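This report refers to the structure that appears directly beneath it.
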Amino acid sequence: MSDFPFLSVLTVAPLVGAVVVALLPRSRPTLAKQVALGWSLLVLALSIVMWVTWQVDGQRFQFRESYPWIPNWGVNFTFAADGIALVMLMLIAVLVPLVILASWHDAESSKRSVPAYFALLLVLECTMLGVFAAADVFLFYVFFEVMLVPMYFLIGSYGGHQRQYAAVKFFLYSLVGGLFMLAAVIGLWVVGGKTFDWVALSEVDISTGAERWLFLGFFIAFAIKAPFFPFHTWLPDAGGAAPAGAAALLVGVLDKVGTFGILRYCLPLFPDAAQWFAPWALAIAVIGIIYAALLAVGQNDLKRLVSYTSIAHFGFIGVGIFAFTTQAGTGAVLYMVNHGLATGLLFLVVGMLVARRGSALISDFGGAGKLVPVLAGVLFFAGLASLALPGTAPFVSEFLVLIGTFTVNKPVAVIATLGIILAAAYVLWMVQRTTQGTLNPALTEIDGMKRDLNLREKFVVAPLIALIVLLGFYPKPVTDVINPAIQATMEDVGRTDPAPTVQEAAR
């Protein structure tokens, strides 16, 4: 199995599925949904085989394959996965079928082409898989830019209120970040010996001034994508306007490209610059935690509230990355996975509530748990997972980030901890105002609010709940995959771990 081209097949498969779905007639919407779901399950099956085949004690990059593309520029279709990329590929493979299942009626309600909607989801899956699998800097940049296109159309064509404004804002912000990256990519090619291969570039000795400028170009692009404060303003608009399924992928996966890019490119390729910029990056991350949490408390729109919570969570991931310890780094990557599961679940459940009520305003709910108790219970669970309640997966990652940061930077860890208190405030207040308290009489007159979770929706939320609980009590299978890649990244940066590693602590 080691010779099988896993990553190229994994990347191309959704694109082929998208073409098949797009060619189906609009008069056969159910068939389009079934084909899209089946194709995404095929990708999931292949990802599971990759996970089983992965060698924890093997090479840093596995499943490597390379094909010539533009020889004169030194560009190749090079794919390879380390532990960080592998867990993100697995997250995509898990989320996409659930999003397709949750979005079963989204396109029909927008009165637009159903096959086109599900084809766009599969194209988006292709680009997401490609960006995490790429081991060629130019190839990474291509996927980084191309994945804006399907998300732009998902928001702009199938979104809700102010969808055009949100789609254009999302596209322009990301495009500006992409221009910074393009300049840095060209500069890296010049100083790196006219190659885009990651392995070759990681061995190049770059002057201090050039390294800092190149780091800054990549970092700005990734900070916008994540998004980190103060580049965050596009996310509440995009998350609020996007269909619930697309929003779950936007916040659960697309945004992780920013933090993944910092770990894969900024730290190993520009280690001295990364250490020089680290205090500023930590300051931005901590400000984002507190600032976004305070804004989340004051939101009256459910989808915008969840978007702001994600900005706060990305602050924790940023702290974990730039603390430069194995515990914090492993916690940051685990947080990327757990945030995708927990916030993905929260967005999907909020979408179910909004679809039933016909409004995303919290003030239009009140006591909804009396009408849809199971849905309200899942919302409560998703909220508790989002605030990192012990026993849920996000708690493990948040704990690792904080303890790993505390060993090297106590003030940052202490300030970041305040975000946990604020998280309890905005999550519990959201749950209280939507599902608890006195029943809003207007809800009893809405047919949608009389329907609790159906079988299809239970199939959507059950796997996410199971994974959040499982990883909350037993994260070892995932941390064992992540930890070697994080240790290698710390070695690239030239930082030693002041405390026992995650695996040593477990013993």
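All values derive from a computational prediction rather than experimental measurement.
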With heavy-atom distances below 4.5 Å as the criterion, would you say the side chains of [X] and [Y] are in contact?
X: I311; Y: Y291; result: no
X: D255; Y: P227; result: yes
X: V168; Y: Y152; result: yes

Determine the interplanar angle of the [X] and [Y] rings, folded into 0 to 90°, and report it as parallel if under 30°, tilted if 30 to 60°, perpendicular if over 60°.
X: F132; Y: F260; result: perpendicular
X: F6; Y: F4; result: perpendicular
X: F222; Y: F218; result: tilted
X: F138; Y: F196; result: tilted

- Closest non-hydrogen atom pair, A200 against D197: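 In this case the closest contact between A200 and D197 is N-OD2, 3.1 Å.
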- Item | Centroid-centroid distance, W198 to F61, less than 6.0 Å |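 When the ring centroids of W198 and F61 are compared, they turn out to be within the sub-6.0 Å range.
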- Ring centres of F270 and F219 under 6.0 Å apart?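 No, the ring of F270 stays outside the 6.0 Å limit from the ring of F219, centre to centre.
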- Among L44, L345, L249, whose side chain to side chain contact (heavy atoms under 4.5 Å, CB included) with L95 holds?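 Testing L95 for a side chain to side chain contact (heavy atoms under 4.5 Å, CB included) against L44, L345, L249 leaves exactly one candidate, L249.
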- Task: Scan V253, L91, T259 and name whichever one has a side chain to side chain contact (heavy atoms under 4.5 Å, CB included) with M336.
- Result: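 Result for side chain to side chain contact (heavy atoms under 4.5 Å, CB included) with M336: T259.
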- Query: Under the side chain to side chain donor-acceptor pair (under 3.5 Å) test, which residues partner S397, sequence neighbours left out?
  - Reply: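 If we apply the side chain to side chain donor-acceptor pair (under 3.5 Å) test to S397, skipping adjacent residues, the hits are N338.
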- Item | By ring pair (Phe, Tyr, Trp, His ring centres under 6.0 Å) - contacts of F143 (at least two apart) |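 Not a single residue meets the ring pair (Phe, Tyr, Trp, His ring centres under 6.0 Å) criterion with F143.
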- Can you sort out the partners of D272 under salt bridge (Lys or Arg N to Asp or Glu O under 4.0 Å), two or more places apart, ordered by chain and number?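 Counting only residues at least two positions away or on another chain, D272 forms no salt bridge (Lys or Arg N to Asp or Glu O under 4.0 Å).
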